[in-house]
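Quick notes on the structure that follows.
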Amino acid sequence: MSETASDNPPSFEQALERLETIIDRIESGEVGLEDAIAEYEAGVALVQRCRSILDRAEQRISELVERGDGSLAVQGGAPDPDDPR
């Protein structure tokens, strides 16, 4: 099963699992030099995918603000009519 640019990109979990498989294959010597290089290149792309997902998650989390009552609100969002502030 070959993934192309037109396929859906892998989820974080899928990318991480595939990356672990690549690392295991390279470390075990299961693949030859040319295949190891190709696997390494695929691994670099997967690391970039994971970082992109993590960066978006971090950005989203930083947009959340804890209110005094412990509830969360999105920074810059519409005011909550029930919030006494």
Side-chain angles (χ1 to χ4, degrees):
M1 176 166 101
S2 172
E3 289 188 20
T4 64
S6 64
D7 292 338
N8 289 333
S11 68
F12 179 82
E13 292 79 9
Q14 290 167 331
L16 194 57
E17 184 177 326
R18 177 70 180 123
L19 187 56
E20 289 171 351
T21 300
I22 288 170
I23 291 168
D24 289 343
R25 286 173 44 91
I26 291 173
E27 286 181 346
S28 71
E30 199 176 308
V31 295
L33 180 59
E34 287 90 7
D35 289 338
I37 292 170
E39 293 272 354
Y40 182 85
E41 289 173 348
V44 169
L46 290 167
V47 167
Q48 290 172 342
R49 170 79 179 143
C50 288
R51 282 186 180 153
S52 173
I53 293 169
L54 289 173
D55 286 347
R56 285 194 311 271
E58 183 179 18
Q59 180 180 7
R60 180 69 179 130
I61 289 168
S62 71
E63 292 172 356
L64 296 174
V65 176
E66 188 171 339
R67 295 180 179 159
D69 65 358
S71 63
L72 295 177
V74 177
Q75 264 184 341
D80 183 347
D82 297 327
D83 190 351
R85 286 192 259 173

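Computed from a predicted structure; not experimentally measured.
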Point to revise | I26 side, atom CD1; E39 side, atom CD - distance, nearest 0.5 Å | key: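 It comes to 6.0 Å.
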Check your understanding: How many angstroms lie between CD in E41 and CD1 in I22, if you round to the nearest 0.5 Å?
Key -> 10.5 Å
Could you tabulate the donor-acceptor pairs under 3.5 Å formed by side-chain atoms of residues 29-38, not counting sequence neighbours?
| residue | atom | partner | partner atom | Å |
| --- | --- | --- | --- | --- |
| E30 | OE2 | R25 | NH1 | 3.1 |

Practice item. Scan residues 42-53 for pairs that pass side chain to side chain donor-acceptor pair (under 3.5 Å), counting only residues two or more places apart or in two chains. Key: S52-R56
Pairs under 3.5 angstrom only: tabulate donor-acceptor contacts from the side chains of residues 9-17 to other protein residues two or more places apart or in another chain.
| residue | atom | partner | partner atom | Å |
| --- | --- | --- | --- | --- |
| S11 | OG | Q14 | N | 3.1 |
| S11 | OG | Q14 | OE1 | 3.3 |
| Q14 | OE1 | S11 | N | 2.7 |

Point to revise | Shared hydrophobic cluster for L19 and I53 (ILVMFWY, side-chain gaps under 4.5 Å) | key: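 No, L19 and I53 fall in different hydrophobic clusters.
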